[in-house]
Amino acid sequence: MERFLMGEYDIIVVGAGHAGCEAGLAAARMGKKTLMLSINLEAVAMMPCNPSIGGTGKGHLVREIDALGGEMGINIDKTFIQSRMLNTAKGPAVHSLRAQADKTRYHLEMKKTIEREPLLEMKQGEAIDLIIEDGKACGVVLRTGAVYRCQAVILATGTFLAGKIFIGDSVFDSGPNGLAPSMELAERLRDYGLPMRRFKTGTPARALASSLDYDKMIPQDGDEEIVPFSFMNDDLQKDQIKCWLTYTNERTHEIIRENFHRSALFGGKIEGVGPRYCPSIEDKVNRFADRKRHQLFIEPEGLDTEEMYIQGMSSSLPEDVQQAFYETIEGLENLKIVRPAYAIEYDCIDPLNLKATLENRTIENLYCSGQFNGSSGYEEAAAQGLMAGINAVLKLDGREPFILDRSQAYIGVLLDDLVTKGTNEPYRIMTSRAEYRLMLRQDNADLRLTQFGYDVGLVKEDRYKRFLEKKEAVEKETDRLRRTIVSPGTANPLLENLGTAPIKSAQSLYELLRRPEVTYDNIAAIDSERPALSRHQKTSMEVEIKYGGYIQKQLAQIEKFKRLEEKKLSSSIDYSEIDGLRIEAQQKLNALKPVSVGQASRISGVSPADINVLLIHLEKKRRTR
């Protein structure tokens, strides 16, 4: 096939899903002429599975993306149709925002944002090969023969790479949502020696809204007080739609068991490893045989469609079995399926082949992001796309890389888990993965990260100004509350009304606010000098005050963690020459080349004894110098 040069760019992003969008926007907004390629422009920010953004742990990622100058939080604030704060019965560390999206509007708004970005171009075309020269990625070849050259490539292929769909006995090559797969690029990446693997995910059926009986289901309303994802929004007012809750039953499970042999999952057709935390319904019924029911959420896919998403019911069973087991569920007896459930298998890279910057270890200036790195979920993908975009720009500019550690962000946890520990299944972020989650709350993501975003050149002046105003307002108001003293006569009527013990002597408003029963809005009744604070300012300040003691303990833990992270390791170290290191540790350390002793300590196969040997070696080297 004839090849011909069609253009030159600084950075080319292959893929326009959630990772590709954030990577392309970040690169362009940081001043690089950027090209984004997509097999089909209908796939831009597509939601082939759940039409929602956020959720437990994932909501933290969206807030962090937003704090760094990314687009996901802004886009979902424009296009949500229901918003809920999850885990409010627990502490603030695990509060997580989740919003149901109008999936078509989400796609269109993101596409419009990309189209309007001055340095970002978007083209429909299938990348079938990379141009590699002297071990560096410097271009992309399209199926048409068009060649685009660049200084860095970011792969964000999602589930399109060698995609294969499974619905019962029916198996065919396809990307998500019936779009074309990327077969040739998958072969070429293997030819380049990249360590590829096969993962699997799935999605439930979509049903016609008018075929459901809502009287038999439990309505799920959005929150009365809508909390925005983006720190650029203080208040959002919108009429919200309802979602619905129903349950499977023993008859549902019986039909599924009777047809295990017809499932692509159990029939041996699927080779890929699926996500443990989002199993198919046949997997749930098999693994949790004692469970008499599983909950299902019925969620609208948008305001201008009748399609309803049946969350919790992904499957690779044939269509007739799907129809049969859905009809056993209350509210779904007359259900009409408009899109059947399916499983999809795809190629991805072993993330242990990546540096902490998400640059490939094998091919220089090739960055990898999203589900291509073995993760699962829109939010995880977007976070990686953002970091890949930032680091590609920094490298081209000859600047220091931007790496967040585990004490700074959920993004740091996500990337460190992938590139240090690796994953044998589609990786999903969870609050339990973060050791310092009390510090990594969603309410303070801007206070933690916006300065970083500004320093690398992604956060613009309007966002930076809001960040500085919030930081100053929180500090000033915290100090004022410490200095404002109230007498028992003033405070006790309020405290008694709130069901908490009265005070015997004068106390500061700061001390009163530390009580679990007392909120910042409560003390307005006895505080005539309080300033007007935004929602974001009030939330961050109140949490910092209420959990101050626990936060101090976590800060002490972080100090210990930082000491190991600050002990840097040169990439030129030959660990096989260090006496006392076990052979397994030598092999793992030489393969992964950790950037710090802290990262080395988290590598599977490297023991605490190995770390002690490494520390002794570093100290000897220091004394020799």
Side-chain angles (χ1 to χ4, degrees), residues 22 25-31 53-54 59-78 85 92-93 95-97 113 117 226-236 379 382-383 385-387 389-391 393-394 399-400 402-405 407-412 436-481 520 530-545 547-548 551 555 558:
E22 295 294 347
L25 286 167
R29 288 167 175 174
M30 291 174 70
I53 295 293
H60 292 71
L61 286 177
V62 182
R63 280 282 181 86
E64 292 180 353
I65 291 165
D66 183 73
L68 288 167
E71 194 65 26
M72 180 173 263
I74 291 172
N75 207 58
I76 186 60
D77 280 354
K78 291 178 188 175
M85 187 69 75
H95 290 181
S96 294
L97 190 58
T113 298
E117 191 62 42
I226 299 171
V227 178
F229 266 108
S230 177
F231 291 102
M232 297 299 286
N233 296 320
D234 288 324
D235 291 292
L236 297 174
E379 302 82 3
L386 181 75
M387 296 298 284
I390 290 172
N391 277 305
V393 173
L394 294 177
R399 297 167 62 189
E400 287 294 312
F402 178 47
I403 300 171
L404 291 166
D405 70 37
S407 71
Q408 293 172 314
Y410 271 84
I411 293 175
Y436 311 112
R437 55 185 174 270
L438 187 54
M439 298 301 300
L440 307 184
R441 307 182 311 276
Q442 58 175 10
D443 66 83
N444 69 355
D446 56 339
L447 298 179
R448 290 186 279 117
L449 299 176
T450 297
Q451 185 66 55
F452 290 123
Y454 184 74
D455 291 342
V456 300
L458 185 54
V459 165
K460 305 308 177 189
E461 291 298 331
D462 56 343
R463 180 182 290 275
Y464 190 59
K465 182 181 176 184
R466 287 175 73 99
F467 155 69
L468 292 177
E469 287 173 351
K470 175 181 175 180
K471 186 178 179 183
E472 181 181 9
V474 168
E475 290 172 353
K476 286 179 66 175
E477 179 61 355
T478 301
D479 183 60
R480 188 190 70 83
L481 292 173
Y520 183 69
R530 61 189 283 154
L533 297 182
S534 71
R535 179 206 308 273
H536 293 305
Q537 292 168 351
K538 284 197 295 185
T539 302
S540 289
M541 181 199 65
E542 188 167 349
V543 173
E544 289 285 334
I545 291 174
Y547 293 86
I551 288 171
L555 285 171
I558 290 173

How far does CG of Leu468 sit from CD of Glu472, to the nearest 0.5 angstrom? 8.5 Å
Give a yes or no on whether a salt bridge exists between Arg463 and Asp66, defined as a side-chain N under 4.0 angstrom from a carboxylate O. yes
Tell me if the NZ atom of Lys471 is crowded by more than 12 foreign heavy atoms within 6.0 Å. no
Rounded to the nearest 0.5 Å, what's the gap from CG on Asp446 to CZ on Arg466? Could you check? 9.5 Å
If only atom types and distance count, is the side chain of Arg441 paired as donor or acceptor with the main-chain N or O of Leu438 below 3.5 Å? yes
Gap separating the CG atom of Leu68 from the CG atom of Leu404, nearest 0.5 angstrom: 6.5 Å
Go through the steps to decide whether Met232 and Asp462 satisfy the test side-chain contact (heavy atoms from CB on, under 4.5 Å), and finish with yes or no. CA-CA 9 Å; Met232 297 299 286; Asp462 56 343; 3.7 Å; yes
Does any non-hydrogen side-chain atom of Arg63 lie less than 4.5 Å from one of Tyr410? no
Scanning both residues in full, the closest heavy-atom pair of Thr478 with Met541 reads OG1-CG, 3.4 Å
Roughly how far, to the nearest 0.5 Å, is the CD atom of Gln451 from the CG atom of Leu449? 11.0 Å
Using a 3.5 Å distance criterion without hydrogens, assess whether the side chain of Gln442 forms a donor-acceptor pair with backbone atoms of His95. yes
Does any part of the side chain of Val393, heavy atoms only, come nearer than 4.5 Å to the side chain of Leu458, both counted from C-beta? no
May I ask you to test the Glu544-Val474 pair for a side-chain heavy-atom distance under 4.5 Å? no
Sub-4.5 Å side-chain heavy-atom contact between Thr113 and Lys78: yes
Of Asp443, Asp234, Asp235, the one forming a side chain to side chain donor-acceptor pair (under 3.5 Å) with Arg535 is Asp235
Out of curiosity, Asp405 CG to Ile411 CD1, how far, rounded to the nearest 0.5 Å? 12.5 Å
Please name the pair of heavy atoms, one in Val62 and one in Phe229, separated by the smallest distance, quoted to 0.1 Å. CG1-CD2, 3.5 Å
Applying ring-ring contact (aromatic ring centres under 6.0 Å, His included) to Phe231 and not counting sequence neighbours gives His536
Salt bridge flag under 4.0 Å for residues Glu477 and Arg480: yes
Mark yes when over 12 heavy atoms from residues, nucleotides or ligands other than Lys460 sit less than 6.0 Å from its NZ; otherwise mark no. yes
Quick check: closest heavy atoms across Ile403 and Gln408, and the distance to 0.1 Å? O-OE1, 4.0 Å
Using 0.5 Å steps for rounding, measure from the CD atom of Glu379 to the CD1 atom of Ile65. 7.5 Å
Under a 4.5 Å cut-off applied to non-hydrogen side-chain atoms, are Ile545 and Tyr520 in contact? no
Minimum-distance pair of heavy atoms, taken over all atoms of Arg530 and Lys538: NH2-CD, 4.3 Å
Yes or no on side-chain contact (heavy atoms from CB on, under 4.5 Å) for Arg448 and Met439, after CA distance, side-chain angles and deciding distance? CA-CA 9 Å; Arg448 290 186 279 117; Met439 298 301 300; 5.6 Å; no
Has the side chain of Asn75 got a donor or acceptor atom that lies under 3.5 Å from a matching backbone atom of Glu71? no
Looking at Ser230 and Asp77, what are the two nearest heavy atoms and their distance? N-OD2, 2.9 Å
Minimum-distance pair of heavy atoms, taken over all atoms of Met85 and Leu97: SD-N, 3.6 Å
